[in-house]
Amino acid sequence: MEVMVPRVDPRRYFESVQARENRTERPPVCVYLETTNRCNLLCTTCPRTYEELEPPADMSWDLFVRIVDQIPDLQRAVLHGVGEPMLVKALPRMVRYLKDRGVYVLFNTNGTVLNDRNGRALIAAGLDEMRVSFDAANATSYLAIRGKNYFDRILKNVRAFRDLQKREGHERPRVSAWLTGLRETIAELPDFVRVAAETGVEEIYLQRLVYFEENAIGRARPDQALYEKLSADETVHIDRATELARALGVMFSASGAASEPGMSLKRSDDGSPWSMCRRPWTVMYFTANGRALPCCIAPFSQRGYENYTLGDATRESLRDIWNGESYRDFRSGLMSDAPPRACASCGLRWSL
């Protein structure tokens, strides 16, 4: 199998991408692997709640290995997509496989199946980071946003896992709590900080809402967004949460909640926020069925993946996908004044 060989120190790559071309011999330094597209919740901010984008599947072990082995100097692996990764029985094995190659490994989870057995397996596998989407400060809000009444279960699970880590001296994985920034729940932010801190979590984030003007789904709509629309009253809630976090001795961030440190979008003053995106030169994203997408935002922009499919890892090598016609066309569009539809408002339209 042909592998992708690095031509530059990956730790410096993000700084080096200035003048870009639609073809690159530099391999990706980060890969998103949608370990499953199945989920046990019905979140009102997620596209999979409203439409089946691909047939239900867990990423097969063979496909997982096929992808990972083609990027020998991979630096970072994110093991989630539109599903709940902890539903996948092979998840600890996948983490261990990546850790044996020196890769930093993380995933987002809803925490519903974070029991003692699963938690211990992930600790033993060497998981670096676990991000738990609490998304509410109370059971009523949780049910409205996440679609099922699992709030108390999640608090119990996270508290037990953090107690296990502290009792046995496990520093990894880092555990953080996340709240998607919605206008209807922003007043609960200080309570959210308190509730998360009571579970033993030491990092708390207000996450940006991903939404688009067209094809809005559920609560992922412009009127729920906070970015560039934060009122004075809403700012008070963030200030109160910040002060409370300081008093409780936990870290709280509402500055943008970058999904990928070093790779997050920054607002461009020239009216083209997409021009700062480096993902098509640094990141590959694969669905559970092996479909290559430009990033995790594509499912939100239009229903269906057909407009953003860049390759198929079950039939093509990563090298062929990375510099194939579809990827080159996508990069060219991103560098133009008429970017792909998924990119045109990304960054400008994200909430906090």
query: Are Val103 and Val68 close enough that some pair of their side-chain heavy atoms sits under 4.5 Å apart?
result: no
message: Using side-chain heavy atoms (C-beta onward) and a distance below 4.5 Å, is Val78 in contact with Phe107?
response: no
query: What closest approach, in Å, do Arg38 and Pro56 show between heavy atoms, and which atom pair accounts for it?
result: CG-CB, 4.5 Å
Ser231 versus Glu234, side-chain donor and acceptor atoms under 3.5 Å: yes
query: Given Thr185 and Ile145, is the side chain to side chain contact (heavy atoms under 4.5 Å, CB included) satisfied, shown in steps?
result: CA-CA 10 Å; Thr185 59; Ile145 294 167; 3.4 Å; yes
task: Would you check if Asn138 and Ser141 make a side-chain contact, meaning some heavy-atom pair closer than 4.5 Å?
output: yes
- prompt: Can any side-chain N or O of Gln75 pair as donor or acceptor with the backbone N or O of Asp73 at less than 3.5 Å?
  reply: yes
Side-chain donor/acceptor of Glu51 to backbone N/O of Pro47, under 3.5 Å: no
- prompt: Would you say the side chains of Arg219 and Thr44 form a donor-acceptor pair under 3.5 Å?
  reply: yes
message: Which heavy atom of Asn289 sits nearest to which heavy atom of Ala57, and what is that distance?
response: OD1-CB, 3.6 Å
field: Backbone of Gly81 reached by a side-chain donor or acceptor of Asn37 within 3.5 Å
entry: no
message: Could you check whether Ser133 and Asp135, counting side-chain N and O atoms only, form a donor-acceptor pair closer than 3.5 Å?
response: no
field: Shortest non-hydrogen contact from Arg183 toward Asp223
entry: NE-O, 3.2 Å
task: Kindly indicate, with the supporting measurements, whether the criterion side chain to side chain contact (heavy atoms under 4.5 Å, CB included) is fulfilled by Leu74 and Leu98.
output: CA-CA 9 Å; Leu74 183 65; Leu98 288 160; 4.1 Å; yes
- prompt: Does Asp116 come within less than 4.0 Å of Arg120, counting only side-chain N to carboxylate O?
  reply: yes
message: Any non-hydrogen side-chain atom of Val158 less than 4.5 Å from a side-chain atom of Val201?
response: yes
- prompt: So, does Asn149 use its side chain to make a donor-acceptor pair with the main chain of Leu143 at under 3.5 Å?
  reply: no
message: Any side-chain to backbone donor/acceptor pair from Asp58 onto Val88? Under 3.5 Å, distance only.
response: no
query: Hey, is Asp128 close enough to Arg174 for a salt bridge, meaning N to O under 4.0 Å?
result: no
message: We want to know whether Glu84 and Thr109 form a side-chain donor-acceptor pair, criterion being a heavy-atom distance below 3.5 angstrom.
response: yes
message: Quick one: does any side-chain atom of Arg159 pair with a main-chain N or O of Thr199 as donor and acceptor, under 3.5 Å?
response: no
- request: Flag the pair Lys166 and Glu168 as a salt bridge only when some basic side-chain nitrogen lies within less than 4.0 angstrom of an acidic carboxylate oxygen.
  value: no
- prompt: Closest approach of Asn108 and Pro85, non-hydrogen atoms and distance?
  reply: O-CG, 3.1 Å
task: Measure the shortest side-chain to side-chain distance between Ile123 and Pro173 over non-hydrogen atoms and say whether it is less than 4.5 angstrom.
output: yes
- prompt: Would you say Trp281's side chain and Glu21's backbone share a donor-acceptor pair under 3.5 angstrom?
  reply: yes
message: Show, in sequence, the C-alpha distance, side-chain angles and deciding distance for Arg291 and Asp312, and conclude whether the side chain to side chain contact (heavy atoms under 4.5 Å, CB included) test is met.
response: CA-CA 5 Å; Arg291 186 190 301 264; Asp312 183 348; over 6 Å; no
task: Report yes if the side chains of Tyr327 and Arg23 come closer than 4.5 Å at any heavy-atom pair, otherwise no.
output: no
- request: Run the numbers on Met251 and Ile204 for side chain to side chain contact (heavy atoms under 4.5 Å, CB included), then give the verdict.
  value: CA-CA 6 Å; Met251 191 280 289; Ile204 302 169; over 6 Å; no
- prompt: Would you say the side chains of Ser60 and Asp62 form a donor-acceptor pair under 3.5 Å?
  reply: no
Distance-only donor-acceptor check, side chains Arg101 and Tyr97, under 3.5 Å: yes
message: Are Thr309 and Ser326 packed together at the side-chain level, in the sense that at least one heavy-atom pair is separated by less than 4.5 angstrom?
response: no
message: Please verify the inter-ring angle class for Trp178 with Tyr205; under 30° counts as parallel, over 60° as perpendicular, anything in between as tilted.
response: parallel
- prompt: Glu203 side chain to Ser176 main-chain N or O, any donor-acceptor pair under 3.5 Å?
  reply: no
- prompt: Is there a donor in the side chain of Asp239 and an acceptor in the side chain of Thr242, or the other way round, less than 3.5 Å apart?
  reply: no
message: Quick check: do Tyr104 and Glu129 have side-chain heavy atoms less than 4.5 Å from each other?
response: yes
query: Hey, is the main chain of Leu87 close enough, under 3.5 Å, to the side chain of Thr36 for a donor-acceptor pair?
result: no
